[in-house]
Amino acid sequence: VPLLDRWREGGFAALRRDWLERAMGLGTPLAATRGGETIAGIFETIDSTGRLVLRGEGGALTAIAAGEVQFGDAATLTAGEREQQLLLWLCAVGLGHRTQSKPASLDGIDWTRVVALARRHRVVPLVWRNLQRRSDVAVPAAATDDLRNDYQQNALHGLRVTSHLIRMVTALAGDEIPALPLKGVCLAARYYGDVSARYAGDIDLLVPSACLARADAVLRGLGYLRV
């Protein structure tokens with residue numbers, strides 16, 4: 001209440017000192033995006049009206065009343081690093097806590113590189129799914145097509161793998177052989193709520209060593225091979 005009274009009587013200027021004592025990133029690199037323009041510099045201070053003040057190259061000061069702000073390393077990313085940061089952010093969307101910062105600006109993002117990175121790290125399904133939740137990320141048509149096609153192909157493969165997994169576990173259970181699926185579509189279903197959210201490869205099953213020979217016979221009888 002005392003702080004509210006001070007603000008009512010003297011505006012932000014009356015609270016400025018207290019605010020600066022708690023301000024994050026004073027004296028460090030900062031980038032602010034407003035209206036599609038990104039302004040970078042050193043976080044100099046907060047003025048009497050509450051605006052961020054950046055000191056740019058040559059010492060010029062710029063006051064910023066509103067914008068999307070990035071601090072520290074995120075404010076000084078070089079070519080290639082911005083695409084990596086965007087990929088990390090797209091993978092973190094929807095996790096329920098702030099684990100990764102969105103790039104201050106998407107202007108100049110090399111989406112061909114983003115797609116290549118997503119494929120290399122095998123996160124295209126997760127990136128595509130999370131992009132559908134965002135209305136503030138404009139993806140070029142070519143990159144959209146690449147991501148969508150990869151996602152759809154993986155989704156179909158994931159459904160096939162799931163079908164085979166159910167068939168295998170059911171057959172083993174019929175012969176009273178306990179089987180524990182590892183990773184793959186089960187991990188995707190449990191932690192992402194969607195079997196298509198991860199790349200699906202082969203099927204890994206854990207069975208008791210005493211049942212290995214019987215399990216092998218059951219699965220070979222279905223046409224599968226142990227690898």
Side-chain angles (χ1 to χ4, degrees), residues 1-118 121 123 126-144 147:
V1 176
L3 289 176
L4 182 58
D5 291 339
R6 287 169 57 191
W7 176 76
R8 285 171 174 165
E9 293 175 1
F12 180 77
L15 304 176
R16 180 171 175 271
R17 177 179 297 178
D18 292 338
W19 189 286
L20 285 171
E21 289 177 355
R22 296 166 175 79
M24 172 183 174
L26 274 174
T28 66
L30 182 151
T33 302
R34 58 181 185 184
E37 176 190 14
T38 299
I39 303 171
I42 301 299
F43 183 8
E44 183 76 11
T45 187
I46 300 173
D47 70 14
S48 61
T49 65
R51 296 180 300 176
L52 292 175
V53 179
L54 296 186
R55 182 178 297 276
E57 294 183 6
L61 298 178
T62 303
I64 301 171
E68 184 172 348
V69 175
Q70 299 286 334
F71 292 92
D73 293 340
T76 57
L77 294 177
T78 60
E81 293 177 321
R82 295 176 66 237
E83 285 77 16
Q84 294 180 46
Q85 187 201 23
L86 174 61
L87 183 66
L88 289 171
W89 175 74
L90 286 172
C91 289
V93 169
L95 290 181
H97 53 89
R98 192 175 182 84
T99 56
Q100 185 68 30
S101 298
K102 179 184 175 184
S105 171
L106 299 183
D107 294 341
I109 284 287
D110 183 347
W111 281 96
T112 299
R113 177 187 287 270
V114 173
V115 173
L117 285 171
H121 295 291
V123 292
L126 185 58
V127 168
W128 174 255
R129 188 181 74 159
N130 288 341
L131 276 172
Q132 305 314 296
R133 301 176 176 178
R134 305 293 306 197
S135 60
D136 58 343
V137 181
V139 185
T144 297
L147 292 171

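Worth knowing before you read on, the calculation uses all heavy atoms, side chains too, and leaves out hydrogens, waters and symmetry mates.
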Original post:
Can you name the residues that form a side-chain hydrogen bond (donor to acceptor under 3.5 Å, both in side chains) with T112, not counting sequence neighbours?
Top reply: none

Subject >> Validation row: R16, L20 side chains within 4.5 angstrom (heavy atoms) >> reply: yes

Original post:
What distance do I42 atom CD1 and T28 atom OG1 have between them, rounded to the nearest 0.5 Å?
Top reply: 7.0 Å

Subject >> Pairing residues for D110 by the salt bridge (charged side-chain N to carboxylate O under 4.0 Å, His left out) criterion, not counting sequence neighbours >> reply: none

Original post:
What is the distance from atom CZ of R17 to atom CD1 of I46, rounded to the nearest 0.5 Å?
Top reply: 14.0 Å

Original post:
Looking only at heavy atoms, what is the nearest atom pair of F43 and L54, with distance?
Top reply: CA-CD2, 3.9 Å

**OP:** Kindly compute the distance separating CG (L126) from CG (L131), expressed to the nearest 0.5 Å.
**Re:** 9.5 Å

Subject >> Minimum-distance pair of heavy atoms, taken over all atoms of A63 and D47 >> reply: CB-OD2, 4.2 Å

Original post:
So do L86 and W111 actually touch side chain to side chain, heavy atoms under 4.5 Å?
Top reply: yes

Original post:
Would a 4.5 Å heavy-atom cut-off, applied to side chains only, mark N130 and R133 as touching?
Top reply: yes

Subject >> By side-chain contact (heavy atoms from CB on, under 4.5 Å) - contacts of L61 (at least two apart) >> reply: E44, V53, R55

Original post:
Rounded to the nearest 0.5 Å, how far does CG of L90 lie from CG of L147?
Top reply: 9.0 Å

